[in-house]
Number of protein chains: 2
Amino acid sequence: MRKLMPMYYRLAYDIKLDIESGKLKEGDMIPTEEQLGEMYGISRMTVRQGIALLTEAGLIETLKGKGSFVRLPKLNQLVINFHNASSTDGEQFRYKLLSAKMVYDNHSYAQQLGLAPDDKVILLRSLLYKDDLPSAIEEKYMRYLRGKPLLETQLEYAAFPEVIAKHQDSVPVRNEMVISVDVLSLEQANLLETEPFQPVMVITQVIYSKDDVPLGISRMVCHKDRFQLNATSYLGRL
Amino acid sequence: MRKLMPMYYRLAYDIKLDIESGKLKEGDMIPTEEQLGEMYGISRMTVRQGIALLTEAGLIETLKGKGSFVRLPKLNQLVINFHNASSTDGEQFRYKLLSAKMVYDNHSYAQQLGLAPDDKVILLRSLLYKDDLPSAIEEKYMRYLRGKPLLETQLEYAAFPEVIAKHQDSVPVRNEMVISVDVLSLEQANLLETEPFQPVMVITQVIYSKDDVPLGISRMVCHKDRFQLNATSYLGRL
DNA sequence: TAGTGGTCTAGACCACACT
DNA sequence: GTGTGGTCTAGACCACTAT
């Protein structure tokens, strides 16, 4: 707050402080837009800009014809930042491509891509290293497109949604993730240089186009001690 | 789109369609605010309202003095909706309180609450049922406050952030979650009516006040086959 | 009917980015 | 300097909620 902030921000910040300190409680109505305009000596459109900030932050809820009311931050809504695909601390992974091949048979994942039985599907298999320890196995499935070559550099380093964005002609607009738990197979244990039947986190991502066509599927099998996910409630920022 | 939508929304929706269809590509500059005003016959403030929608949705990024540029939705940022604490399908859990007691010793979780060694900490232990199957064990730790009685009904049914909101005098403003993997202890296996050493998902939540004081800690141990987490990229909505 | 937020205007001046 | 977005005004009319 050291720089000169715009009036709509000061207004929003003041109300935020009142909410966080408990001066304004859940369900309380904040002053009307006209009143706030008088209080701060600003026009109503400027007040509304501040109100919009608070609404975006999830701190208030405005009801047409009634007013704006305090609503405590939604702590049940949490955000995962998966780009820095969080290892146990916050460090980046090193990718190593294991294989890149066509899958012709009706693989369970390939089927989910909604393709005709004879469509070609690419399977990319990578190992993710953290501190030179193999920490996760990732399998990426995507439709094969002629004239969309896969560059090795991208294969090695790019995260899943980026790979899809580069190598499919539809624009990816949605990512659905499922986090579950399983045990390591013998082959997976070998790759992760650990014992089989160890517990693992399984992270499955499906990327969709605007028409809800699945463009790609990723399945990550993550070592128990070398991987964890972090999430944080994202609302309440100002 | 069947009802008459305001002009700023039509503008935003048109641009959204152009992005999703690929007509506007990543990095492209959209028309200037003045141009958009002329194109739609609306004033600049109204244009800016539409631009704000697109920015909120994460579809564009505006740079002062330069313009607004297309930015594909951040598929690496995903939202978990934890209030309907997603079981393997989407159903609600039934809570059963196992115990509610004071913890006096320096328990590892109690320590994290940043209390003096002789402060009292409440430990609530619950079992979460899904389809009459025990699916998760939850342990909630929170500071004991005189004059803030814990109502049994709330203990049984409320999700963690709600319990904190009711029973602490500071306003909870942030929730940090860590998702990891472990194996069941003998006692946990008993409670979940399954074999020990089975893999489990461990979900730890820490609720903070505005001063970053931890108000409560929750640790959920979730049965492999009866629990999974779902997350979805939240941007790109309009 | 009175009070509230929702939409919109037609300007203004400013700060920042380029060239 | 020109072009861009950022802030702000002083109004207007509308739609919805309450009484």
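Each chain gets a letter, A, B and so on, in the order the sequences are listed, and its residues count up from 1.
- Residue contacts for A:Gly41: at a heavy-atom cut-off of 4.0 Å it reaches the sugar-phosphate backbone alone, with no base atom in range.
- Residue A:Leu63 is classed as a sugar-phosphate contact, given heavy-atom separations below 4.0 Å to backbone atoms only.
- In this structure, A:Ile60 places its CD1 atom 14 Å from C1' of C:dT4, rounding to the nearest Å.
- In this entry the distance linking CD1 of B:Ile51 with C1' of D:dT7 reads 16 Å, nearest Å.
- Across all strands shown, the partner of C:dA12 is D:dT7, judged by Watson-Crick or G-U wobble contacts whose two distances both fall under 3.5 Å.
- No side-chain donor-acceptor contact under 3.5 Å links B:Gln77 to the backbone of B:Lys74.
- The nearest whole Å value for the distance from the OH atom in B:Tyr9 to the C1' atom in C:dC8 is 19 Å.
- As rounded to whole Å, 15 Å separates atom P of D:dA12 from atom CE of A:Met45.
- If B:Ile30 and A:Val47 are placed on DNA chain D by their nearest nucleotide, the residue sitting closer to the 5' end is B:Ile30.
- Proximity of the aromatic rings of A:Phe93 and A:Phe227 is defined here by a centroid distance below 6.0 angstrom, and this criterion is met.
- In this structure, of D:dT7, C:dG6, D:dT9, it is C:dG6 that holds the atom nearest to the side chain of A:Arg48.
- OP1 and OP2 of C:dG5 both lie 4.0 Å or more from every side-chain N or O belonging to A:Lys66.
- Between the P atom of C:dA17 and the CZ atom of B:Phe69 lies a distance of 12 Å, rounded to the nearest Å.
- Defined by atom type and a distance below 3.5 Å, a donor-acceptor pair is present between the side-chain atoms of B:Tyr40 and B:Asp14.
- Between B:Gln49 and C:dT7, a side-chain N or O to OP1/OP2 separation shorter than 4.0 Å is present.
- The distance between atom CG of B:Leu4 and atom P of C:dG6, rounded to the nearest whole Å, is 18 Å.
- Of the side-chain N and O atoms in A:Thr62, one or more sit less than 4.0 angstrom from OP1 or OP2 of C:dG6.
- Counting to the nearest Å, the P atom of D:dT9 and the CD atom of A:Glu33 are 14 Å from each other.
- Rounding to whole angstrom units, CE of residue B:Met7 and P of C:dA10 are separated by 13 Å.
- Taking the side chain of A:Pro6 as heavy atoms from C-beta on, and the options C:dG5, D:dT7, D:dG5, the nearest nucleotide is D:dT7.
- Using a 4.5 Å heavy-atom cutoff, the side chains of B:Val47 and B:Leu11 are in contact.
- Side-chain contact annotation: A:Glu138 with A:Ser126, donor-acceptor N/O pair under 3.5 Å absent.
- Distance from the side chain of B:Tyr8 is smallest for C:dC8 among the nucleotides C:dC8, D:dT9, C:dC18.
- Using a 4.0 Å cut-off, no side-chain N or O of A:Arg44 falls inside it from OP1 or OP2 of D:dG11.
- Between A:Thr46 and D:dT9, a side-chain N or O to OP1/OP2 separation shorter than 4.0 Å is present.
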